[in-house]
Number of protein chains: 2
Amino acid sequence: MKKSALQIARAAYQPKLPVTLTGAVVAIEGEPTQSVADQEEIKQLFPNTYGLPELRFEKSGKQIAGKPVNVGVILSGGQAPGGHNVICGLFDGIKKINKDSRLYGFLMGPGGLVDHNYIELTADIIDEYRNTGGFDIIGSGRTKLEKQEQFDKGLEILKQLGISALVIIGGDDSNTNAAVLAEYYKNIGAGVQVIGCPKTIDGDLKNEVIEASFGFDTATKVYSELIGNIQRDCFSAKKYWHFIKLMGRSASHIALECALQTQPNVCIVSEEVEAKNQTLQDVVNYIADIVAKRAENGNNFGTVLIPEGLIEFIPAMKNLIAELNDLLAKTPDFAEWAPEKQREFVIANLSQNSATVYASLPAGVARQLTLDRDPHGNVQVSLIETEKLLSEMVGNRLKEMAKAGSYNGKFSPLHHFFGYEGRCAAPSNFDADYCYALGYNAAMLINAGVTGYMSSLRNLTKPSVQWLAGGIPISMMFNMERRHGEMKPVIQKALVRLEGTPFQRFAAKRDDWALNTQYVFPGPIQYFGPAEVCDMPTKTLQYEHLDK
Amino acid sequence: MKKSALQIARAAYQPKLPVTLTGAVVAIEGEPTQSVADQEEIKQLFPNTYGLPELRFEKSGKQIAGKPVNVGVILSGGQAPGGHNVICGLFDGIKKINKDSRLYGFLMGPGGLVDHNYIELTADIIDEYRNTGGFDIIGSGRTKLEKQEQFDKGLEILKQLGISALVIIGGDDSNTNAAVLAEYYKNIGAGVQVIGCPKTIDGDLKNEVIEASFGFDTATKVYSELIGNIQRDCFSAKKYWHFIKLMGRSASHIALECALQTQPNVCIVSEEVEAKNQTLQDVVNYIADIVAKRAENGNNFGTVLIPEGLIEFIPAMKNLIAELNDLLAKTPDFAEWAPEKQREFVIANLSQNSATVYASLPAGVARQLTLDRDPHGNVQVSLIETEKLLSEMVGNRLKEMAKAGSYNGKFSPLHHFFGYEGRCAAPSNFDADYCYALGYNAAMLINAGVTGYMSSLRNLTKPSVQWLAGGIPISMMFNMERRHGEMKPVIQKALVRLEGTPFQRFAAKRDDWALNTQYVFPGPIQYFGPAEVCDMPTKTLQYEHLDK
């Protein structure tokens with residue numbers, strides 16, 4: 001493929017490794033660890049990989065030397081900026097250990113391991129992908145590695161290629177599966193280590209010991225660039241309300257980080273909506289009140305950030321959706337009825353609360369809820385255009401307020417949804433460094449002979465040379481959760497903590513931002529400028545460090 | 001407002017003026033000019049400002065010196081990156097002429113002149129806005145300056161403030177009005193010069209003598225960043241077709257430039273669709289064929305760029321819309337009928353061709369066409385979500401092809417519309433330099449005592465220090481066109497020329513791009529890196545220079 005001028009210039013960037021990793025390391029063991037909850041159950045499920053110590057690497061002062069090692073790598077799940085650099089760092093790391101080490105990439109996600117689709121990643125391939133966005137070097141996929149047949153099938157190809165370590169780059173689910181795989185291979189004496197790397201733009205794979213997942217930094221900077229541009233437009237034209245939905249699955253980290261970066265008039269945080277047991281109408285009224293107050297000052301414009309997962313955090317909506325799923329499952333010929341009959345039937349057969357919620361939804365959305373269902377017959381919440389739903393309901397609310405004399409303004413909404421625009425951006429300096437170091441550090445964990453660990457770098461608000469390197473036993477992040485009706489050990493998903501500094505800073509400022517227009521325009525990610533422009537980590541990370 | 005780190009760093013950027021403008025200039029007059037068409041009529045309409053010579057500035061070798069001058073400035077129409085720099089350049093220019101010169105900004109567009117809303121733009125204000133995006137320094141608006149009452153009302157405030165020159169920063173319509181105003185003030189001896197500056201992201205204000213409008217460079221780079229990111233995602237996940245609509249009003253310059261930058265699988269060019277007299281179904285079939293051919297190679301993913309104005313360029317759609325406008329105007333109670341009755345009525349009362357087109361549209365779009373009408377009762381073409389319309393029709397076409405055995409693939413479309421994301425981005429180095437020079441040069445035109453001129457810089461593919469500066473009589477860009485039933489002198493809108501090199505280069509490559517996935521990932525605008533990354537003008541400009 002033809003390279004852009006920026007790609008060519010950026011290829012020359014050399015990620016800055018932590019000083020610790022610039023020579024051979026010794027692994028210092030901490031105390032044995034415990035899982036965050038359900039210790040007994042998890043200990044039983046992971047007899048070989050539970051209770052392992054945290055590892056901290058220190059410089060040994062010697063040259064790195066080790067036996068050649070064949071390593072496999074997998075990209076799992078949605079794209080995140082920096083994935084290529086994890087692989088580049090891993091490659092450089094195992095080559096540093098021994099120049100005869102080899103790296104194999106399994107193609108299109110975990111399915112590549114099971115189906116034996118792979119390529120060898122040689123220096124000429126690796127060099128094409130340094131500091132680039134995307135996962136296209138080997139592709140990614142969403143196949144879940146969770147069954148013993150898959151593990152055994154995968155082992156065949158690992159054995160065949162002489163692979164003794166597998167690096168899985170993924171989110172919470174993929175790292176959960178990495179730990180299960182590590183336990184299984186350890187248990188059967190397969191002789192294959194499994195190491196995880198924390199990936200996801202959503203920012204929901206982090207905890208006391210993992211400070212951040214890669215990709216969050218770059219993706220939120222791309223979205224903040226766009227939100228800033230829209231806010232400057234909005235402030236120049238002074239005639240539109242922009243409703244901007246942001247990717248991020250359940251958690252609102254992306255919306256919150258973008259709010260901290262750009263200071264919009266409104267940002268909804270799903271976790272707060274749930275904690276306050278708010279209804280959809282509460283959220284609508286909150287926005288409409290701000291629209292009305294701004295209109296009093298002649299400001300008929302503004303911005304509203306909406307996290308992708310909002311609907312599922314609204315208790316009343318959750319109930320409605322659950323009831324709809326039940327009701328429609330019992331009514332197989334529903335789809336063939338006339339729209340009016342459908343609507344009457346639904347309202348007549350829901351609980352009173354849910355019927356009220358259903359009746360309050362704009363007709364198009366209500367209809368979509370009953371019609372667009374997934375192959376299991378479930379309502380597809382992700383298809384709901386929440387940004388349009390909210391703006392339509394806000395518009396209706398404003399009409400009521402106008403009748404009641406409490407609103408006198410103009411309301412012209414526009415809609416945006418940002419997600420795919422940021423997942424494959426070329427990594428920021430932070431993500432380029434972080435990812436390269438995660439991969440390189442994974443090689444050091446392999447060399448240390450451990451399994452069931454996640455590659456870990458800490459102290460991330462400091463310059464990368466000062467980062468602390470080591471490994472965290474994945475099982476220490478586990479708790480038991482119900483999944484598809486069964487209790488399973490899984491990594492706890494990190495939602496926005498309402499008592500944490502990132503949310504608290506936002507909450508302290510939002511009333512000012514709502515009425516006084518305090519937009520910030522971050523502009524696009526810069527790779528070559530002054531450090532304060534190019535190397536700043538996210539506000540989320542900076543504020544979370546204050547909590548430590 | 002709080003400034004971002006990039007804004008602070010970028011404020012220090014000093015736009016690079018053409019060498020010609022670094023000292024005092026002499027104005028060299030060319031031959032008298034003629035309008036591009038309808039010379040006799042336009043000469044009669046502009047007795048005082050027709051036939052003026054082009055002006056070229058040359059260095060005089062002396063210090064600039066002149067009398068203090070009070071100047072007014074107006075931002076007109078949609079935002080475009082760099083507008084603030086035009087004003088900064090104008091300010092610096094008139095201060096260079098005489099430090100006692102003063103600059104007044106009329107607020108929220110031409111309406112500010114008529115309604116006497118203004119601020120004085122002093123050095124401390126100007127310095128806050130150097131190299132920033134947006135039009136928020138004085139705001140913009142869409143009031144059209146075209147009536148004598150407005151001119152007279154404006155003159156009152158100009159007289160009151162001692163303003164002897166007015167700079168209007170706008171697109172083709174605003175510059176048309178600037179020329180009419182120049183003629184009027186000249187005719188009545190008002191003693192006010194009027195100078196225009198070519199602004200619009202759409203790229204449709206250019207001609208033999210104006211090489212580019214400002215903002216096009218930055219906006220297309222922002223859109224290309226996003227398209228490139230989406231393409232990298234698309235190529236990594238290999239499962240979606242992204243339908244991406246791009247702003248740009250009638251002309252397809254933005255879509256074409258983005259295609260040249262990013263090499264998508266499909267880019268529709270409205271001007272070609274019209275020239276080939278294609279139907280909507282032709283466009284759909286063209287896309288569906290590419291989807292099917294890619295599926296044969298296992299590539300169930302791709303990107304489609306769609307210019308905002310497409311629908312209005314499809315002759316059959318134009319007829320349909322015209323007939324609908326007539327039909328619905330005669331049927332006042334239409335909106336109250338049941339949807340099925342509406343549909344039957346429309347199909348029964350259109351011409352056969354239009355009825356066929358109407359029946360072929362997805363039901364939602366067809367209904368939207370009859371319901372969402374503007375205050376004059378006209379169908380609102382701009383509300384049609386062309387990206388969804390096309391993907392839905394492509395999906396239907398693929399189902400037919402699958403039945404016929406000519407398609408065997410998966411088609412999952414996603415949709416994007418980029419416009420507001422780019423109009424207020426911080427200007428690229430090109431736009432920062434171009435805009436600053438346009439404003440500074442406008443000051444030199446004022447000092448030269450002329451009126452009815454557009455500020456002009458040429459040789460734009462060269463480094464900015466080598467640009468040629470001067471002025472172009474606006475009347476030479478005029479022709480007569482029917483507007484609201486009346487023949488009016490207007491600047492000819494520049495559409496994509498199918499015989500020009502930009503389109504020809506695209507046309508020569510598109511079949512390769514369609515099937516072989518040749519995506520380019522331009523990445524975000526860089527301000528501080530190597531020249532080949534930061535200072536490249538658009539491909540459109542580079543290729544158009546080859547035609548000269």
Side-chain angles (χ1 to χ4, degrees), chain A residues 1-10 75 78-79 83 108 132-137 139-141 222 225-226 228-238 240 242 261 263 414 416-417 420-426 517-530 532-534 536, chain B residues 1-10 75 78-79 83 108 132-137 139-141 222 225-226 228-238 240 242 261 263 414 416-417 420-426 517-530 532-534 536:
Chain A
M1 278 188 183
K2 188 172 137 192
K3 288 187 183 157
S4 67
L6 177 59
Q7 251 179 295
I8 294 166
R10 186 68 179 155
L75 290 164
Q79 280 73 248
M108 300 311 291
T132 58
F135 276 11
D136 44 288
I137 186 171
S140 183
V222 173
E225 170 199 356
L226 302 180
N229 287 356
I230 288 171
Q231 290 191 153
R232 193 127 212 177
D233 199 298
C234 176
F235 187 53
S236 300
K238 296 193 161 70
Y240 296 116
H242 293 265
Q261 293 282 349
Q263 306 188 172
L414 291 170
H416 313 262
F417 170 41
Y420 298 96
E421 292 78 0
R423 306 196 314 175
C424 286
T517 314
Q518 304 281 17
Y519 301 151
V520 175
F521 316 119
I525 292 175
Q526 296 296 300
Y527 300 102
F528 307 101
E532 67 275 16
V533 176
C534 298
M536 279 295 130
Chain B
M1 280 190 183
K2 188 172 136 192
K3 287 185 184 161
S4 68
L6 177 59
Q7 251 179 295
I8 293 165
R10 187 66 179 156
L75 289 164
Q79 280 74 247
M108 300 312 293
T132 59
F135 276 11
D136 44 287
I137 186 170
S140 182
V222 174
E225 171 199 357
L226 301 179
N229 287 356
I230 287 171
Q231 291 191 152
R232 191 126 212 179
D233 199 299
C234 176
F235 186 53
S236 300
K238 296 194 161 65
Y240 296 116
H242 293 266
Q261 293 282 350
Q263 306 190 173
L414 291 170
H416 312 262
F417 170 40
Y420 299 96
E421 291 77 1
R423 304 197 314 175
C424 285
T517 314
Q518 305 280 18
Y519 300 151
V520 175
F521 316 119
I525 292 174
Q526 296 296 300
Y527 300 103
F528 306 102
E532 68 275 18
V533 176
C534 299
M536 279 294 129

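Since this is a predicted model, take the numbers as computed values, not measurements. The sequence lines fix the lettering, A, B, ..., with proteins before strands; numbering per chain opens at 1. Values below: every heavy atom of this structure, side chains too, minus hydrogens, waters and symmetry copies.
- Residues B/Arg232 and A/Gly133 come closest through the heavy atom pair NE-O, 2.9 Å.
- Nearest heavy-atom pair, A/Gln79 versus B/Ala237, reported as atom, atom and distance to 0.1 Å: NE2-CB, 3.6 Å.
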Q: Assess whether side-chain contact (heavy atoms from CB on, under 4.5 Å) is satisfied between A/Leu226 and B/Leu226, documenting all intermediate values.
A: CA-CA 10 Å; A/Leu226 302 180; B/Leu226 301 179; 3.8 Å; yes

Q | Steps toward side-chain contact (heavy atoms from CB on, under 4.5 Å) verdict (B/Gln518, A/Lys2) | A | CA-CA 7 Å; B/Gln518 305 280 18; A/Lys2 188 172 137 192; over 6 Å; no

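- A pairwise comparison of heavy atoms in A/Tyr420 and B/Ile230 identifies O-CG1, 4.0 Å as the closest pair.
- Contact of A/Met536 with chain B is not made at all, since no heavy-atom distance falls under 4.5 Å.
- In terms of non-hydrogen atom pairs under 4.5 Å with chain A, the most contact-rich of B/His416, B/Arg10, B/His242 is B/His416.
- When the candidates B/Pro522, B/Cys234, B/Gly141, B/Gly139 are compared by the number of heavy-atom contacts under 4.5 Å with chain A, B/Pro522 comes out ahead.
- Ranking A/Gly523, A/Pro530, A/Ala426 against chain B, the residue ahead of the rest is A/Pro530, based on heavy-atom pairs under 4.5 Å.
- Looking at A/Gln231, neither its backbone nor its side chain comes within 4.5 Å of chain B, counting heavy atoms on both sides.
- Between B/Val520 and A/Ser4, the shortest heavy-atom contact is CG1-CB, 3.9 Å.
- In this structure, chain B has no heavy atom under 4.5 Å from any part of A/Gln261.
- The shortest heavy-atom contact between A/Leu6 and B/Pro524 is CD2-CD, 3.7 Å.
- Proximity to chain A (any heavy atom under 4.5 Å) is shown, for B/Phe417, by neither the backbone nor the side chain.
- Neither side chain, B/Asn229 nor A/Glu421, offers a donor N or O lying under 3.5 Å from an acceptor on the other.
- For A/Ile137, no part lies under 4.5 angstrom from a heavy atom of chain B.
- In terms of non-hydrogen atom pairs under 4.5 Å with chain A, the most contact-rich of B/Glu532, B/Gln7, B/Lys3, B/Gln263 is B/Gln7.
- To the nearest 0.5 Å, the span separating SG on B/Cys424 from CZ on A/Phe521 amounts to 8.5 Å.
- In this structure, the separation between CG on A/Asp136 and OG1 on B/Thr517 is 11.0 Å, given to the nearest 0.5 Å.
- Between chain A and the residues B/Ala5, B/Ala9, B/Gly78, the most heavy-atom pairs under 4.5 angstrom are made by B/Ala5.
- Nearest heavy atom pair, residue A/Gln526 against residue B/Tyr527, reads OE1-N, 2.9 Å.
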